[in-house]
Amino acid sequence: MNATPKFLEPRLRLFLSADIVGSTALKQSLGSHQDIKDRSHWFWVIQGFYMESRRYFFDAWGNLEKEHGTANVSLGEKPRVWKTIGDEILYVKLLTDHRQLCSTLSCWMKAVQQLRSFVKSKDSRLDVKSTAWTAGFPLKNKEVVVSSASDHEDDADGNFFVASARLLDKYYSNTELSKTVEIDYVGPSIDIGFRI
């Protein structure tokens, strides 16, 4: 009997989002008559928001690791940045134990509180909104994979399911290819998460 390929094993992921409230109005309110420093203030806030979100979240995570140990089942793998979209940053974490949800959300809520203080200190019109949701893979939702490597065949004669399966198999097998592969997530649970 053949073993199930790793990329087809069921996975539950936690997605975390933080978004600056009021940044669009801030960007639009600055006229061209203001000096360049004033006009780029919004960019500085967004760049700081990205950097500080990582610092706050991963500092809280590091404190939890020190308290419980890195091999503790209630932690699992460290979350990672999934993507940034405008003034929003998203993280993803693979959940392998139900306790990881509470641990991760605890760190996240601490980070969001600090982020809120950060943006308000830069401009009182700004705030932070946040959400978290889970999504199951690979049945209801799917991983989309793209490789930047140029020395492998990934089109599988136009069969994109086969091409995706090959890339995901190599990615989950931890081959050298995994370093050149980008994973994205699509599906109904991802769509719902963006609408929360």
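- A donor-acceptor pair is defined here as one N or O able to donate and one able to accept, closer than 3.5 Å; such a pair exists between the side chain of Ser53 and the backbone of Tyr50.
- Taken to the nearest 0.5 Å, the CD1 atom of Ile20 stands 4.5 Å off from the CZ atom of Phe49.
- No chain of hydrophobic side-chain contacts below 4.5 Å, direct or via other Ile, Leu, Val, Met, Phe, Trp or Tyr residues, connects Ile196 to Val21.
- Atom NZ of Lys83 is surrounded by more than 12 heavy atoms from other residues, nucleotides or ligands within 6.0 Å.
- Distance check: Arg80 CZ to Arg54 CZ gives 11.5 Å after rounding to the nearest 0.5 Å.
- For the pair Arg11 and Tyr172, the distance from NZ or CZ to the six-membered ring centre is under 6.0 Å and the angle to the ring normal is within 45 degrees.
- Connection of Leu90 to Val144 is not established within any shared hydrophobic cluster, with ILVMFWY side chains joined at heavy-atom distances below 4.5 Å, either directly or through further cluster members.
- Note that OG of Ser164 is 7.5 Å distant from CZ of Phe7, once rounded to the nearest 0.5 Å.
- Of the N and O atoms on the side chains of Glu88 and Thr84, not one donor lies less than 3.5 Å from an acceptor on the other residue.
- Ion pairing of Arg55 with Glu52 is present here, as a side-chain N (NZ or NE/NH1/NH2) and a carboxylate O approach within less than 4.0 Å.
- The CG atom of Leu95 sits 6.0 Å away from atom CD of Gln100, with the distance rounded to the nearest 0.5 Å.
- The local environment of NZ in Lys6 is sparse, with at most 12 non-hydrogen atoms from other residues, nucleotides or ligands closer than 6.0 Å.
- If you take OG1 on Thr131 and CD1 on Ile192, they are separated by 11.5 Å, rounding to the nearest 0.5 Å.
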Inset, instruction - Could you check Ile183 against Tyr185 for side-chain contact (heavy atoms from CB on, under 4.5 Å), going step by step and ending with a plain yes or no? - result: CA-CA 7 Å; Ile183 302 287; Tyr185 309 100; 3.7 Å; yes
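- In this structure, Leu75 belongs to a hydrophobic cluster whose other members, linked by side-chain heavy atoms under 4.5 Å apart, are Trp61, Leu64.
- In terms of modelled atom types and a separation under 3.5 Å, the side chain of Gln47 and the main chain of Phe43 share no donor-acceptor contact.
- Phe137 carries Arg13 over the face of its six-membered ring, with the cationic atom under 6.0 Å from the centre and within 45° of the normal.
- Ring-centre distance between Tyr91 and Phe57: below the 6.0 Å cut-off.
- If you take CG on Leu94 and NZ on Lys78, they are separated by 15.5 Å, rounding to the nearest 0.5 Å.
- Leu126 and Trp44 fall within a single hydrophobic cluster, where Ile, Leu, Val, Met, Phe, Trp and Tyr side chains are chained together by heavy-atom contacts under 4.5 Å.
- Both Phe15 and Phe194 are part of a single hydrophobic cluster, where members link through side-chain heavy atoms under 4.5 Å apart.
- In the model, Trp82 has a side-chain atom that pairs as donor or acceptor with a side-chain atom of Asp184 under 3.5 Å.
- Applying the side-chain hydrogen bond (donor to acceptor under 3.5 Å, both in side chains) rule to pairs touching residues 109-119 yields Gln113-Arg116, Arg116-Asp127, sequence neighbours excluded.
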Legend entry - Verdict with supporting geometry, Val92 and Leu14, side-chain contact (heavy atoms from CB on, under 4.5 Å): CA-CA 6 Å; Val92 62; Leu14 173 64; over 6 Å; no
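- For the residue pair Ser189 / Trp133, no side-chain donor-acceptor distance below 3.5 Å is found, with atom types taken as modelled.
- Under the 4.5 Å side-chain heavy-atom criterion for Ile, Leu, Val, Met, Phe, Trp and Tyr, Leu105 and Ile89 are members of the same hydrophobic cluster.
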